[in-house]
Amino acid sequence: MAVKNMPRERIEKYVPRPIEDKWANEWARTGLHETPNELPGKPNFYFLTMYPYPSGQVHVGHWYATAPADCAARFLRMRGNNVLFPMGFDAFGLPAENAAIRNKMHPAEWTESNMAHMRSQFRAMGAMIDWRREVVTCYPEYYRWNQWLFLKLLENGLAYRANAPVNWCPKDRTVLANEQVIGGRCERCETPVEKRALEQWFFRITKYADELLSFEGIDWPERVRVMQTNWIGRSEGAEMAFPVEGHEGAEIRFFTTRPDTVFGATFVVLAPEHPLVAKITAPDRREVVEAYVERAARESEIERSAEGADKTGVATGAYARNVFTDELVPIWIADYVLASYGTGAIMAVPGHDERDFAFAQKYGLDIREVISPDGTEHASLAEPYMGEGVMVRSGELTGRRSEDGKRAVAEEAKRSAIGGPSVTYRLRDWLISRQRYWGTPIPIVYCDRCGTVPVPYEHLPVVLPRDAEFTVEGGNPLAKVDAFVRTTCPNCAGPARRETDTMDTFVDSSWYMYRYLDPKIATAFMDKEIGRKWLPVSQYTGGIEHAILHLLYMRFVCKALRDLGELWFDEPALRLQNQGMIVFDSRKMSKSRGNVVGPDEYVARYGADTLRMFTMFMGPWTQGADWDSAGIDGVSRFLHGVWRLALSARVPGERDEALERDIHRAVQKVTTDIEHYHFNTAVAALMVLRSRLAESAGPTRDEGIRTLLLLLAPFAPFIAEELWARRGGTYSVHTQPWPTYDPDIAKAEEVVLVVQVDGKVRDRLTVAAGVSEDAARSAALASEKVQERLRGREVVKVIVVPGRLVSIVTRPAAG
RNA sequence: GCCGACCUAGUCCAACUGGCAGAGACAACCCGCUUAAGACGGGUCAAGUGAGGGUUCGAAUCCCUCGGUCGGCACCA
């Protein structure tokens, strides 16, 4: 190759670090990342990415989340939008408290120093963060609005206190939301969770269950929608009640999705925690029942499910009347019935439910067929039949389709005032109380005279006291701070005690996107004037691990605030894009596993630009990746190559139309790839363009280099800025308009047309790109090689795919 | 157990609405540069798409069965 033999030009070596430091300073000095609330002629675009927990270092997981998001945000800015890309810290939470116990350092100090370090790391990354808008949730300026939110919800019946069996983590010594219990274990420390009955505060998210099932008007990934839908778990059916025999007024209420099977309800099962258990248990069964209830309370969910399909239970000795068959059926208790779902009781239909079948078999209870697939009665059932069919042994309803029977039974229940059609959800109300120090104090005071009294709005914030003792024995340090606990009642001025529970940190993150707009405003949770310019969020990105928890709470709070007249939209974020998780050796990275990969050494060795591009190059962003730094050299070589290319001397030559086409193609490819978050293929397109330009000459080469730098800017902002400046471009490359492309130029002039005969490629013809179907067909049929194959055969069919191929189908010629 | 995603060169990954399996990168190998190694630059090599079946002129792509990996849910009545 000609280029190869030319004397190598002496070009200064690319040394990333000094350049990156220089531009980071320059950007800060010139306020390049400060987004105004309005920019004439440019529409606002709110690009939100999930804020991190200030664990102490920005690890590669954060890079994986942030660098591609930043790339997309920068792209949108170059495309003419006024883009807001804020960042903050989810600064409350357990690790700070645990660190306090370990290191004798106050959680506030620990958090503060972590945030300082992480801010500088984000700066090194080059992300276009507008730090003037930073939100830090552990500052009173922030959390006073958590308290305000709590009071608002309380005022409107959306927050309440209840004694409920809750998930208790014995290690963290706090209550957990259902969402924080993974497989019966604490999400954080993996300790088996216990059940405890405690007075706790809840947010009434279930009120919005149905609305949360609708994703209308928002463009969210199917995967997240499915996960949230399953989590909410809407079930349609009927609620009904059977009276308890010999206990006037007592009845067992239950929910069923199969009211059509009620004629097969041969017993009733209560959860061990069901309030009626003590009342109805027969005297001779009392001892056994109490022992069972006690054992069930003691056992963790892990222990319970460890018993697997082997169901346990005891009879109460009491009976209920199945009002449809008019039979007396025994009432049992068993822990396979959950107190927290439906009414905590079921009608058991062993013939048509797997669990009830197993239970009935074990305890010798009646199994009756009431739904038959074909309408014929069977004497016995070898296994339960769960499908639809024809009702049998069902009184007046015998012979009906089970689908109709559902409605008929529910209506009958309504007519006889024992129940009616009903909907139940798997979703439970959101338990927000945490027995920990490092969180938002719940603004409630308990007064002996006035009871539970909300702290008046004008007394907010209830400030978390600084002095607290953090001990290994745990318990809530806040409860031991006398000066905090002891207070006066806002109502009667008498002595009172403060609530010492703090809020779940998911409360903080359920509305932080509103606070970014003006984190300083002291008169409201958000500056609504500014809010109208930005909200709802145009694009939200974040880890798929938040598909349920955070994203559901955030939607709920948005709807609640809307109903309180504080917001004017139904959904907080119009579009959502989830990146996959970054793992190490196929395992989640976590501090406890000690497999967290720190990015700093890579930044030191290769520069931030290389690491940024590498996080985007590893594979499809949505898919996640196994961290393997093996490929990072490829990206590094690419940037070195761009450096040499951009600083090389001009090469004299003619205009190059083929190169021009390649440039337009690259612009097209990179543009559409970023739009679809296909960063990996966009990087590949940049690599192609670089190598094409490296072997080119003339004015088109110069234009191409300019275009390459513009395309590179969102990916590798530092080197792009440096090279742009060195080539005489005006500051900053990041405020230049994004290059445009002409699809006509990008299109190839000539294409290779593949000609198949009976599925085998027989010839390739070079034809003009826009060639008509007819022309393609005749060209193919005219080909000599094709003619050879057609000898003695008859053409049955010719398929033409414009610009791609001609497929000729033949059969032996007749005769 | 149920639901979903994924499985393509040694490795990570591309491939539009079904149309010649390859864009890019790593590794390996070769060449250049170098006293040498490394670094750097240039090049070469490589799979018939997890297995089996089906639909189609044509399947990595659509359908069915099975296997593997990873998620979500998991006694939810």
Side-chain angles (χ1 to χ4, degrees), chain A residues 1 3-5 8 13 182-184 222-224 226-231 233-235 237 254-258 261 265 269 271 301 304-305 307-311 334-338 340-349 352-356 358-359 424-428 544-545 547-548 580-581 583 586 614 617-620 622-626 628-638 640-641 644 669 672 678 680-688 690-691 694-695 752-761 764 796-810:
Chain A
M1 203 172 279
V3 178
K4 198 171 159 183
N5 297 328
R8 180 100 49 85
K13 208 179 158 209
I182 312 293
E222 163 89 16
R223 198 164 155 209
V224 173
V226 167
M227 278 162 83
Q228 293 203 351
T229 302
N230 291 342
W231 184 262
R234 186 179 200 273
S235 293
F254 54 83
F255 171 79
T256 176
T257 54
R258 291 297 300 270
T261 63
V269 188
E301 296 214 353
R304 282 201 198 180
S305 57
E307 291 157 21
D310 187 30
K311 304 205 174 345
D335 64 7
Y336 81 90
V337 173
L338 308 177
S340 52
Y341 183 78
T343 62
I346 61 161
M347 66 170 199
V349 185
H352 305 284
D353 181 281
E354 262 178 355
R355 297 152 299 182
D356 298 344
F359 194 78
T424 297
Y425 303 89
R426 214 188 70 104
L427 181 71
R428 314 289 151 82
I544 186 70
E545 66 272 22
I548 301 171
M581 266 186 279
V583 296
S586 307
F614 182 56
F617 191 52
M618 288 194 289
T622 46
Q623 188 185 293
D626 205 333
D628 177 6
S629 63
I632 199 168
D633 285 324
V635 174
S636 179
R637 278 173 205 149
F638 164 71
H640 276 93
R644 282 192 308 276
K669 178 75 178 147
T672 54
H678 295 163
N680 55 329
T681 49
V683 173
L686 291 172
M687 288 173 168
V688 173
R690 186 208 66 84
S691 36
E695 60 193 27
V752 175
L753 203 58
V754 171
V755 185
Q756 296 181 344
V757 179
D758 294 324
K760 291 211 170 69
V761 179
R764 289 158 211 270
V796 179
K797 187 150 82 163
V798 180
I799 295 131
V800 180
V801 181
R804 289 206 176 265
L805 61 66
V806 178
S807 180
I808 300 164
V809 188
T810 70

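The sequence lines fix the lettering, A, B, ..., with proteins before strands; numbering per chain opens at 1. What you are looking at is a predicted structure, and each value in this text was computed from that prediction instead of being measured.
Rounded to an integer number of Å, the gap from CD1 of A:Ile548 to C1' of B:A74 is 12 Å. Between the CZ atom of A:Arg258 and the P atom of B:C75 there is a distance of 21 Å, rounded to whole Å. A straight line from CG of A:Leu805 to C1' of B:A15 spans 15 Å, rounded to a whole angstrom. Between A:Asp633 atom CG and B:C40 atom C1' there is a gap of 11 Å when expressed in whole angstrom units. When the P atom of B:G41 is taken as reference, atom CE of A:Met687 falls 12 Å away, rounded to whole Å. The separation between A:Glu354 atom CD and B:G1 atom C1' is 8 Å, rounded to whole Å. Atom pair A:Asp335:CG and B:A74:P shows a separation of 16 Å (rounding to whole Å applied). For the pair A:Glu695 CD and B:G42 P, the interatomic distance rounds to 10 Å; values are reported in whole Å.
Here the shortest heavy-atom pairing between A:Met347 and A:Thr261 reads CE-OG1, 3.5 Å. The two residues A:Phe614 and A:Asp628 have their closest heavy-atom pair at CZ-O, 3.3 Å. Nearest heavy-atom pair across A:Val798 and A:Val806 is CG1-CG1, 3.6 Å. The minimum heavy-atom distance linking A:Ala348 with A:Val269 is given by the pair CB-CG2, 4.1 Å. Across every non-hydrogen atom of A:Ser235 and A:Tyr341, the tightest pair is OG-OH, 3.6 Å.
Residue A:Val809 has its side chain nearest to B:C57 when only B:G24, B:C57, B:A77 are considered. Of the listed nucleotides (B:A77, B:G41, B:G19), B:A77 has the atom at the smallest distance from the side chain of A:Leu338. Here the side chain of A:Ile799 is nearest to one of B:C73, B:A25, B:G19, namely B:G19. Distances from the side chain of A:Phe255 to the nucleotides B:A25, B:A77, B:A14 place B:A77 closest. Of all nucleotides listed (B:A23, B:C57, B:A77), B:A77 comes nearest to the side chain of A:Thr256. Taking every side-chain heavy atom of A:Lys311 into account, B:C75 is the closest of B:A23, B:C73, B:C75.
Distance check: A:Thr681 OG1 to A:Leu686 CG gives 10.0 Å after rounding to the nearest 0.5 Å. The CD atom of A:Gln623 sits 13.0 Å away from the CE atom of A:Met581 when rounded to the nearest 0.5 Å. Taking CZ from A:Arg426 and CH2 from A:Trp231, the interatomic distance works out to 4.5 Å, rounded to the nearest 0.5 Å.
For A:Arg234, the salt bridge (charged side-chain N to carboxylate O under 4.0 Å, His left out) partners at least two apart in sequence or on another chain are A:Asp210, A:Glu236. Residues passing the side-chain hydrogen bond (donor to acceptor under 3.5 Å, both in side chains) test with A:Gln756, sequence neighbours excluded: none. For A:Asp353, the salt bridge (charged side-chain N to carboxylate O under 4.0 Å, His left out) partners two or more places apart in sequence, or in a different chain, are A:Arg355.
Taking the C1' atoms as reference points, B:A77 lies 43 Å from B:A60, given to the whole Å. Nucleotides B:A21 and B:G68 have their P atoms positioned 31 Å apart, rounded to a whole Å. To the nearest whole angstrom, the two P atoms, one in B:G41 and one in B:C7, are 32 Å apart. Taking atom P in both B:A59 and B:C3, one finds a spacing of 30 Å when rounded to whole Å. Here, B:A23 and B:G52 have their C1' atoms 31 Å apart, quoted to the whole Å. Comparing B:G43 with B:A25, their P atoms sit 10 Å apart, to the nearest whole Å. Going from the P atom of B:C2 to that of B:G18 covers 30 Å, rounded to whole Å. Remark: the separation of the P atoms in B:U61 and B:G48 is 16 Å, to the nearest Å.
At the heavy-atom level, A:Val226 lies nowhere under 4.0 Å from the strands shown. Looking at heavy-atom distances under 4.0 Å, A:Thr257 makes contact with sugar-phosphate atoms alone, never a base.
Near RNA chain B, meaning a heavy atom under 4.0 Å away, the residues from residues 340-349 of chain A are A:Tyr341, A:Ile346.
Between A:Tyr336 and A:Phe359, the ring-plane angle classifies as tilted under the 30° and 60° cut-offs.
The side chain of A:Thr681 places no N or O atom within less than 4.0 Å of a non-bridging phosphate oxygen (OP1 or OP2) of B:C13. Considering only side-chain N and O atoms, A:Arg690 lies nowhere under 4.0 angstrom from the phosphate OP1 or OP2 of B:G24. Between A:Arg637 and the phosphate of B:A39, there is no side-chain N or O to OP1/OP2 separation shorter than 4.0 Å. Between B:A14 and A:Asn680, a contact under 4.0 Å exists linking OP1 or OP2 to a side-chain N or O.
Residue order along RNA chain B, read from the 5' end via each residue's closest nucleotide, puts A:Ile808 first among A:Ser235 and A:Ile808. Where A:Val683 and A:Thr424 meet RNA chain B, the nucleotide closest to each residue was compared, and A:Val683 sits on the side nearer the 5' end.
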A:Val809 vs A:Asp758, side-chain contact (heavy atoms from CB on, under 4.5 Å): CA-CA, chis, key distance, verdict: CA-CA 5 Å; A:Val809 188; A:Asp758 294 324; 4.1 Å; yes
A:Val349 vs A:Arg258, side-chain contact (heavy atoms from CB on, under 4.5 Å): CA-CA, chis, key distance, verdict: CA-CA 9 Å; A:Val349 185; A:Arg258 291 297 300 270; over 6 Å; no
Between the protein and nucleotides 6-12 of chain B, which nitrogen or oxygen pairs are less than 3.5 angstrom apart?
unit_1, atom_1, unit_2, atom_2, d
B:C12, O2', A:Met618, O, 3.1

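Counting only Watson-Crick and G-U wobble pairs whose two key distances fall under 3.5 Å, RNA chain B forms stems of three or more stacked pairs at B:1-7 with B:67-73, B:10-12 with B:24-26, B:28-32 with B:40-44, B:50-54 with B:62-66.
The glycosidic torsion of B:G48 lies within 90° of 0, which places this base in the syn conformation.
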